[in-house]
Amino acid sequence: MDLATASIKISKVSKSKIDTLDFNDIPFGKSFTDHMFVAEYKNGTWSDMRIEPFANFSVHPANIAWHYGQALFEGMKATKHQDGSPMLFRPELHSRRLNASAERLAMPAFPEEQFLEAVTELVKLESAWIPPNEGSALYLRPYMVAMDEFIGVRISSTYKFVIFCCPVGPYYNKPLKLKADDNYIRAAIGGTGEAKAAGNYAGSLYPTKLANEEGFDQIMWLDAKENQYIQEVGTMNIFFVIGDTVVTPSTDGAILKGITRNSVIHILKDKNYKVEERQLSIHEVIAAADSGELLEIFGTGTAALVANVKGIGYKDKLIELDLEKYKVSPFLKDTLNGLRSGRIADTYGWNVKLS
Ligand code: COI
């Protein structure tokens, strides 16, 4: 059946594949829903906005993004309120961050109004795929990719913007052991670290593989200049509870401005926790661990939500914490999950209900 909203043409599948999904066992990022949103950019404008059956694309071998990585993505979540309404979590912030990434990568902005219309229509159509269990969600993956068929290095003149959906459980299913890497870096000031550039993730793979071989789950990146100031972890921003204060690295141009990070800081301040966004060195963290003041380490991210860190290795030093004593991190996880299920009243106005 074909339908149309103001600007989106909708073509539906004849039969849903939702029966193939086990809602009690959803590995991250491997199940895809029936439909996706697609728009094309050419001659300086976005057009052909459509929701269509989820399917492969045909790509020219000289596709410029495949060679030079002019590609970006977002990650956002939809959940279901206890009353059954689908909800989006802070979608306008994702739209703005997507466009900030696009600017850094010389890609065209995707208008916020159309972004919100696209995620709204897609999630309404796929609402049966939103997992009911608290802590699970429908993960939306908006992305933009250069489409010129040309292998000279220059800004593409054509792009594809796509949003597809994956029902997901938690990204990490166990507490993490991190390596503070003193050899490789993720991002330098002036680089693309603040953007959700596909290439940022490609560059992290080899150092992460080496860290995995040493028994660590993820890398905690240090700054590029002095190799001591903490930036972020593989797929998350990072927080430390030191004494009565929650400390997180200030976003300095090389750190992703996490929307979960922003939400967590807001909740903590609202509940009268002391929060500091500032430079934080690995040496300060080690000193706090040695003096017994380091109480918790956790990461935040859209996919990860709030993930506990049980230890950090740096050179020959290993910090290990007692997860049983964690209080702030479980409180935040419970609050975010509660807000996203309607169990806790959304006094912040972060959920956008779709019906
Ligand atoms: C997200 O949290 O949405 C991310 O972008 C992490 C992703 C690389 C899995």
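Source: prediction; values computed, not measured. Note that ligands are numbered from 1 as they come in the structure, with each ligand's atoms numbered from 1 the same way.
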Any donor-acceptor N or O pair under 3.5 Å, side chains Gln114, Ser7:
no
Selection residues 214-244 - residue pairs positive for ring pair (Phe, Tyr, Trp, His ring centres under 6.0 Å), sequence neighbours left out:
Phe239-Phe298
Enumerate the ring pair (Phe, Tyr, Trp, His ring centres under 6.0 Å) contacts for residues 55-79, please, sequence neighbours excluded, ordered by first and then second residue.
Phe73-Tyr201
Side chain to side chain contact (heavy atoms under 4.5 Å, CB included) between Tyr348 and Asp270, worked out:
CA-CA 10 Å; Tyr348 307 116; Asp270 187 42; 2.7 Å; yes
Shortest non-hydrogen pair, Tyr41 vs Ser157, comes out as CD2-O, 3.7 Å
Please identify each residue that fulfils ring pair (Phe, Tyr, Trp, His ring centres under 6.0 Å) with Phe28, with sequence neighbours left out.
Tyr139, Tyr171
Expected contact list for ligand 1 at under 4.0 angstrom, heavy-atom basis, is Phe73, Gly75, Tyr139, Arg141, Tyr171, Lys196, Tyr201, Thr235, Thr302, Ala303
